[in-house]
Amino acid sequence: MNTALLYRLLDADPADGPAELLHRARSCRHLPHLVLSALVRDGVRMGEPARDELRRARDRAAHYARLAAGLARSTGVRPLRGLPLAGYYPAGLLRPLDGLELVAPDEAALWQAVVRVVTDHPVEHIDVSLLGERPHHTAVTVHWPAEDPLADPWYRVHLSTAALPGDGATVPVRPYLVADEPVECLIALAESRLHRPALPPGPVTLLDVAGLTGRPFEPAETAAVVAAYRLAPEAAALLDRAADHLPLGPLAAVRAALARELAPEHRRRAEASRTPPRPARHGVLLRRTVIRHTWDRARFLTPAAGTPLLLTPVADFLLTPGPACPAENACPAESACPDDSAGPAAPGLRAAALRALHQWDALC
């Protein structure tokens with residue numbers, strides 16, 4: 001995992017120099033941070049603006065790490081994918097963190113964590129989604145401005161009661177993820193490919209795989225765990241694409257062991273496809289509220305047909321059926337969790353929902 005690999009992954013000619021490599025990286029807002037950290041390790045000359053950009057990115061990653069540790073102690077949530085994977089990068093090489101992804105043991109812990117984040121940060125956007133049915137799972141994403149809101153990506157913290165959300169169709173929600181951390185990371189990377197199978201994995205995902213190649217894996221056991229989480233096809237395809245760019249090390253044996261798991265999973269998905277999909281329901285924000293500290297879960301309110309409301313400890317939403325998780329955009333860093341926010345509601349429906357909320361307020 002070095003600068004030479006970055007030149008290959010970004011299809012840049014080393015003869016064109018580091019400025020061209022950084023230019024290629026600017027196709028995604030987070031990828032330049034990785035390139036800048038690699039160039040610093042190589043002793044490449046750079047000016048104060050580049051150093052300040054990297055400083056802000058490091059501060060961002062450090063803030064995510066502190067936030068995750070604090071929330072783990074106070075609420076029991078734990079990080080998945082990005083933050084654990086960053087630990088497998090060489091010293092000094094900054095893995096881009098487009099957001100902090102956390103899984104909560106239950107809904108009460110999720111809302112406790114959301115309240116902590118909203119209380120301690122200048123949160124400007126709150127998105128909510130409900131996954132599955134009876135019981136449903138809750139996903140919340142909060143956003144607030146970066147130190148430089150124009151030059152840097154905003155902070156984003158995604159919390160969910162489901163470790164693996166599935167695709168709403170043939171791969172179900174899997175609430176828990178329990179395995180050795182490197183195996184969990186491989187599973188999380190495979191899950192991120194569920195919604196973008198036609199797009200090649202980006203440079204950060206391939207570097208994530210490179211980081212995992214330094215860890216020991218028991219091939220048969222790892223393949224069995226990946227298959228149990230319904231992700232054998234995605235893991236196999238990811239490792240195949242990674243093998244085109246880097247040596248897989250112990251993951252080569254995992255890929256071989258996955259071969260026997262592919263046909264059973266394809267048959268299972270063919271059978272599951274006969275059941276109508278269950279798309280997520282997304283919340284259209286109606287209003288932020290004073291924090292309801294006594295609430296440990298969201299409440300449903302249906303004042304009229306077609307007007308389902310979700311009242312949460314931090315905001316109130318109109319629920320709308322949404323499409324399955326959207327395909328990944330062109331960003332090579334491959335944000336693990338696309339924007340969960342729903343589109344605007346029709347003015348009449350929104351007005352009716354707000355009237356219902358005011359009536360509910362009067363009764364409380």
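Atoms considered below: every heavy atom in the structure, side chains included; atoms not considered: hydrogens, waters and symmetry mates. For this chain, numbers begin at 1 and follow the sequence in order. In this text, all values refer to a predicted model and were calculated from it rather than measured experimentally.
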Polar contact flag, side-chain donor to acceptor under 3.5 angstrom, Thr141-His158: yes
4.5 Å side-chain heavy-atom contact, Leu189 and Leu212: yes
Test: Arg156 and Asp127 ion pair at under 4.0 Å: no
Beyond-backbone contact of Arg60 with Pro153, side-chain heavy atoms, under 4.5 angstrom: yes
Pair listing, ring-ring contact (aromatic ring centres under 6.0 Å, His included) test, anchored in residues 34-58, at least two apart: none
Residues in side-chain contact (heavy atoms from CB on, under 4.5 Å) contact with Ala237, at least two apart in sequence or another chain: none
Qualifying salt bridge (Lys or Arg N to Asp or Glu O under 4.0 Å) pairs with a residue from residues 298-314, counting only residues at least two apart or across chains: none
Electrostatic pair Arg215:Glu184 at N-O distance under 4.0 angstrom: no
SB check Glu271 Arg267 (cutoff 4.0 Å): no
Counting only pairs under 3.5 Å, give me each side-chain donor-acceptor contact of residues 6-16, with atom names and distances, residues two or more places apart or in other chains.
unit_1, atom_1, unit_2, atom_2, d
Tyr7, OH, Gly17, O, 3.4
Asp13, OD1, Ala15, N, 2.9

Per-pair distances, 0.1 Å, donor-acceptor, side chain in residues 353-364, under 3.5 Å, sequence neighbours excluded:
unit_1, atom_1, unit_2, atom_2, d
Asp361, OD1, Arg287, NH2, 2.9
Asp361, OD2, Arg287, NH1, 2.7
Asp361, OD2, Arg287, NH2, 3.3

Sequence neighbours excluded - ring-ring contact (aromatic ring centres under 6.0 Å, His included) pairs with any residue from residues 45-72: His63-His121, His63-Tyr155, Tyr64-Tyr155
Candidate pair Glu191 and Arg81, rule salt bridge (Lys or Arg N to Asp or Glu O under 4.0 Å), full reasoning: CA-CA 10 Å; Glu191 176 81 7; Arg81 192 176 181 269; over 6 Å; no
Neighbour count above 12 (heavy atom, 6.0 Å) for Tyr176 OH: no
Cationic N near anionic O, under 4.0 Å, Arg56 to Asp59: no
